[in-house]
Amino acid sequence: MTIRTLTRGLWRLLHHRNCNYSTAASIKTQQPQSDRVSEEIMKLPLEKADYFRVSELFTVKDLFDARVHLGHKKGCRHRLMVPYLYGCRLDQDILDLDQTAEHLRLALNFTAHVAYRGGVILFVSRRRQFAHLVESAARDCGEYAHTRYWQGGLLTNAHVQYGAGVRLPDLLIFLSTLTNVFRTHVGLRDAAKMNIPTVGVVDSNCNPSLVTYPVPGNDDTPVAVELFCRLFKMAIRRGKDKRKQAELLYGLTAPGSPGP
Amino acid sequence: MSAVWKVVPAGRRALGRVAPVLPRSLRRCSSEDDKPKSGFAAAFVSQSELGRREASAAGASSSEREEDAAFAALFRRGPLVQMGPPGKDKTVVGRIFHVVGDDVYVDFGAKFHAVCRRPAADADKLQRGARVRLRLHDAELTGRFLGAETDVTLLEAHATLLGPLDHGPGRS
C-alpha cells in the first residue's frame, strides 16, 4: 500500500519536472481554427527531402568566388577542424568546398524549415566589422539579430532578467562563432544548455563541437559574410513564403486576419 | 623560306592542340632523338602526351567525378594559387575600400586586406575605390608567442604600396 502511494507520488513529481522546460512553457502559439488542417500544413514540407529547394540557391563556384575556402594559417588551426580541411598550402589552411556545400545545404534546409514553422531566428556575430551587415540582413527577412555584448544570463536566466513568459529564439545563426578575443562565443554553450539548435559558420580556428549544423567556411572576408547573409535571408524568405502559400491553399487565412 | 612558314599553320590546324612546330632546320636535328630530352622539353612532351590520352578517354568519365574535381580544379586554376608564394617580385593589384587618415585599406582578393601608409606624393589619386599595385609579403600576419597553444593573428595581410595602377597604352 505504502509502496503504491510512494510510486504514485514519485511519478507525479517526475511528470511535473518534465513539463517545466522553459522553452515549451513560454511558447505562445496562435492556434489556427482547425487543428487537423494545421497538422496537415506542418507535415507538408516533411514529405520531400529538399522541399524548399535550397540546393538551387548556390553553387560551389559561388562559394569559391566569395573566398569561402580560405582559412587561417597552420598555426591557428583548431584540431577539430582537420576533417573539414582540403589541405594546407604555403602554411594557409584551405577548407574543402565540397564538404562545405553539403553542410551549407543542410543548414539552409533546416533554417527554411524553422522559418516555415514560425520559429524565432536570432543572428549572432561579435565581429564589429560586420555588425551592420548582419543586423540589416536580419531586419530584411523579418527576424532578429544580436551583435553586441552578450549578457551572461541572456538565454539561461531569461525569465529573471526579462520577465516571466518571455519567448526564447528557436534557432541561433552564428555568422562568426568567436568573440573579439578569439574565444568561443558563450551563446553556443548557452543554446546547447537550453536545447536551442544552432547553425554556425566555423573557420579553421574555431571549435565546431557544440554547433548543431556547422558550416566550415571563411568568416573574415566581407564577400564571404555577405554571401552567407544573403543565403540565409533567401532560405528564411522561402520558408515563410511557402507557409503563406500552404495556409492560403488550405483556406485558413482570410485577407485581413493576422498571420503567424 | 616562305614555303616553311606556309607549312607551319596548316600543320598546326590539322593536329589540333599540339606542341609548336619547329622550323625545318631545327626539326631535322631533333627528329634524330638520340640525345634524351631534359628539363622543360621532357616535361612538355610527357604532359602533352598525357593530355592527349586524357582527352581521348574523357568521353567515358562520369559527371560525378567531374563534380568532385570541380573544387579541386577551381582551386588549382584560381589566380591565388597560380601566383605562387609571395616574394620580392610578386605584384598584386588591389582596390582601396577604406581610408583612415593616411592609412589605406586595400583588398586584393585574398582572405584579408592589407593596410598601407599612403605616400604624400599620390595622395589625391589614392582615394576610396582606386586600384593600386602592391608588393605582397605575407597573406596573414601571425606569430606564436611563448607559452601559447595557437598563433596570435592580426587579421591583416602585409604588403607594400607601390603606387596607383596606371593604365599604360599597351596594358589593360
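All values derive from a computational prediction rather than experimental measurement. Lettering follows sequence order; numbering is per chain, from 1. Computed over heavy atoms, backbone and side chain alike; hydrogens, waters and symmetry mates excluded.
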Original post:
Under the side chain to side chain contact (heavy atoms under 4.5 Å, CB included) criterion, do A/Leu70 and A/Thr221 qualify, and how do the steps go?
Top reply: CA-CA 9 Å; A/Leu70 297 174; A/Thr221 313; 5.6 Å; no
Subject >> Worked verdict on A/His69 versus A/Phe64 for ring pair (Phe, Tyr, Trp, His ring centres under 6.0 Å) >> reply: CA-CA 6 Å; A/His69 59 291; A/Phe64 181 80; 4.6 Å; yes
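There is no contact between A/Leu63 and chain B, counting heavy-atom distances below 4.5 Å. With a threshold of 4.5 angstrom between heavy atoms, A/Lys74 does not approach chain B through any atom at all. Neither the backbone nor the side chain of A/His78 comes within contact range of chain B; no heavy atoms are under 4.5 Å apart. For a residue to count as touching a neighbouring chain, one of its non-hydrogen atoms must lie under 4.5 Å from one of that chain's; by this rule A/Asp96 touches chain B with backbone and side chain alike. If you measure heavy-atom distances from A/Leu90 to chain B, the contacts under 4.5 Å come from the side chain alone.
Look at A/Asp62 and A/Arg230 and you find no salt bridge, because none of the NZ, NE, NH1 or NH2 atoms lies under 4.0 Å from a carboxylate O. Comment: A/Asp203 engages B/Lys111 in a salt bridge, judged by a side-chain N to carboxylate O separation of less than 4.0 angstrom. Residues B/Asp107 and A/Arg67 are paired through a salt bridge, judged by an N-O separation under 4.0 Å between the basic side chain and the carboxylate.
With no hydrogens or angles considered, no side-chain donor-acceptor pair links A/Asn207 and A/Thr184 at under 3.5 Å.
Residues of residues 138-152 of chain A placed with any heavy atom under 4.5 Å of a heavy atom in chain B are absent; none qualify. Scanning residues 143-159 of chain B against chain A with a 4.5 Å heavy-atom cutoff picks out B/Arg144, B/Thr150, B/Asp151, B/Thr153, B/Leu155, ordered by number.
For A/Asn195 against A/Pro197, the heavy-atom pair with the smallest separation is O-CD, 3.8 Å. Of all the heavy atoms in B/Leu161 and B/Leu134, the pair that sits closest is CD1-CD2, 3.6 Å.
In this structure, A/Arg53 places its CZ atom where only 12 or fewer heavy-atom neighbours from other residues, nucleotides or ligands lie under 6.0 Å away.
For chain B, the option among A/Lys61, A/Arg77, A/His72, A/Gln92 with the highest count of heavy-atom pairs below 4.5 Å is A/His72.
At a threshold of 4.5 Å between non-hydrogen side-chain atoms, the residues B/Phe108 and B/Val132 do not count as touching.
Relative ring orientation between B/His113 and B/Phe97 is described as perpendicular, the plane-to-plane angle rising above 60° on a 0-90° scale split at 30° and 60°.
The aromatic ring centroids of A/Tyr51 and A/His113 lie 6.0 Å or more from each other.
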